[in-house]
Amino acid sequence: MCGVFGIYDPLGAPDRDVARLTFFGLYALQHRGQESAGIAVSDGGRVVAMKDMGLVSQVFDEPKLSALQGRMAIGHARYSTTGSTAWRNAQPVVQHAPGRTVALGHNGNLTNTTALRDELRGNRVRLQSTSDTEVIAALIARHPSPRLEDAIADTMGRIEGAFAAVLLTEDAVAGFRDPDGIRPLVVGRLDDAFVLASETCALDIIGARVERELNPGELVVIDADGPRYRQAVEPRSASLCIFEYIYFARPDSEMQGQGLHEVRGRMGEQLAEEAPVEADVVIPVPDSGTPAAIGYARASGIPFGEGLVKNRYVGRTFIQPDQGLRERGVKLKFNVLPSMLRGKRVVVVDDSIVRGSTTRKLVQMLFEAGATEVHLRVSSPPIISPCFYGIDMADQNELIASGRTIEQVRERLGATSLAYLSLDGLQASTSQSSDRFCRACLTGEYPTEIPGDMRNAKLRFEELAAAEAAAAR
Ligand code: 5GP
Ligand code: MG
């Protein structure tokens with residue numbers, strides 16, 4: 001995953017501090033990645049980057065932002081995927097080559113990194129990180145064409161998988177999107193400045209307006225001559241990640257022209273129609289389950305209430321809770337309101353269940369607080385297949401719904417009843433046709449080819465787990 005942002009200010013207006021605007025853009029995109037944050041700026045002559053582990057507000061302060069002077073900038077907030085929490089994997093990554101310097105922020109995941117890394121190594125290119133992002137930056141920085149558009153377009157044809165990226169050179173900002181459009185990227189305007197962002201909420205925060213979404217396979221380069229759009233690679237499909245609609249993007253963002261809060265409300269309404277239940281109160285698992293819970297309550301006529309309170313400041317901090325706190329686990333994040341739950345039949349609505357570990361604890365907490373029945377309603381279908389495009393959805397054997405019936409999942413979670421939104425119901429709620437989405441996590445059908453080594457990497461873990469389980473028996 002990740003959040004990306006970019007801005008090009010043709011005039012270098014003194015009251016338009018691009019690093020500060022990028023900071024605020026990233027601040028609005030914080031939900032897309034909490035592991036590390038970074039900003040790169042250029043004044044037209046030199047690229048300067050600053051990045052570190054932590055939240056956007058932990059990485060940057062007033063003196064650091066003031067040191068980043070320029071007319072153009074890009075920024076990145078990184079989402080943690082398995083194991084690679086390290087400074088060298090923070091972004092933007094910077095690659096210097098004789099022809100140009102490139103800073104790159106990437107949202108997504110490449111599926112042919114291994115082959116490209118081997119090729120770069122063969123050409124004696126030194127790679128410092130283990131990330132696929134550095135590979136993209138190296139290919140573009142070292143590209144023989146002096147024209148940035150050509151260098152990016154050519155590289156777009158060589159990399160595979162999911163990418164929505166922002167790029168900065170000494171004198172240009174660029175954005176580009178993979179031919180399946182798996183990850184979102186939108187172009188905005190702030191007076192005469194051009195802005196790129198993963199989501200529209202990042203445009204709202206700085207007062208920019210939406211121009212349009214970048215199309216699958218499209219590239220935009222913004223420099224002194226203004227923006228130039230190019231359909232760099234043939235669009236293969238328009239397969240926006242459906243998990244952006246379900247969970248990932250902020251509810252106040254718009255995608256494909258639709259407000260996600262409204263779409264999620266429709267998912268909840270649809271869920272109430274598909275899976276009604278007699279109950280006293282509908283409560284959300286905040287915050288991600290809230291719009292769907294509102295929809296469920298509206299359609300069912302059961303009153304909406306709050307039964308769980310979320311600590312808003314739980315991010316990925318570097319201070320691990322001690323053992324005692326860890327055992328209390330989910331209470332760091334959620335607490336119950338017994339007065340809302342005691343003696344009640346409760347419908348609890350959440351947007352998704354991945355591993356089921358949080359949900360199981362929540363169900364238990366609701367019963368302990370005095371709920372007589374806990375009816376779990378999930379506003380997406382069961383997640384049964386891993387994501388190869390940047391969502392940290394675990395190995396298949398960790399997905400609670402993979403290889404289990406809904407009744408078996410219900411039993412594991414300890415709920416009175418469990419129902420998921422149907423795939424058709426989900427699709428209807430989006431008001432878009434199914435061919436506009438990647439739904440691989442729900443169906444196992446991937447829009448791009450997944451090379452054997454990637455599948456095998458996941459399978460290897462599965463085999464290991466199976467072997468360990470067998471040994472333990
Ligand atoms: P589980 O019961 O699977 O452990 O957790 C379910 C919860 O995780 C849901 O509330 C859902 O909103 C949330 N969730 C779904 N996907 C992600 C993700 O990629 N990252 C994080 N941090 N939470 C997620
Ligand atoms: Mg949630």
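Both counts, for ligands and for their atoms, begin at 1 and track the order of listing. Numbering starts at 1 and runs along the sequence shown.
Heavy-atom neighbours of R117 CZ from other residues, nucleotides or ligands within 6.0 Å: above the threshold of 12.
When only interatomic distances are considered, the shortest N/O to N/O separation between V354 and ligand 1 falls below 3.5 Å. Annotation: I353 places no N or O atom under 3.5 Å from an N or O atom of ligand 1; distance criterion only. Note: no N/O pair closer than 3.5 Å links R360 and ligand 1 by distance alone.
Of the heavy atoms in F334, none comes closer than 4.0 Å to ligand 1. When non-hydrogen atoms are compared, ligand 1 lies under 4.0 Å from the backbone of S357 as well as from its side chain. Of all the heavy atoms of T359, the ones lying under 4.0 Å from any atom of ligand 1 are found in both the backbone and the side chain. Heavy atoms from both the backbone and the side chain of T358 come within less than 4.0 Å of ligand 1.
A salt bridge does not link K64 to E62: none of the charged side-chain nitrogens sits closer than 4.0 Å to a carboxylate oxygen. Salt-bridge check for R78 with E35: passed, with a basic side-chain N closer than 4.0 Å to an acidic carboxylate O.
For F24 and F5, the ring centers are positioned 6.0 Å apart or more. If you look at F248 and Y79, their ring centroids are closer than 6.0 Å.
The distance from ligand 1 to the heavy atoms of S288 drops below 4.0 Å at these ligand atoms: 10 (O), 12 (O).
Nearest heavy atom pair, residue L421 against residue L426, reads CD2-CA, 3.6 Å.
Of the candidates Q270, Q432, R439, Q427 forms a side chain to side chain donor-acceptor pair (under 3.5 Å) with just one, namely R439.
Comparing Y79, F243, Y247 by heavy-atom distance to atom 21 (C) of ligand 1, the nearest is Y247.
Distances from the Mg ion (ligand 2) show that S288 has an N/O/S atom below 2.8 Å.
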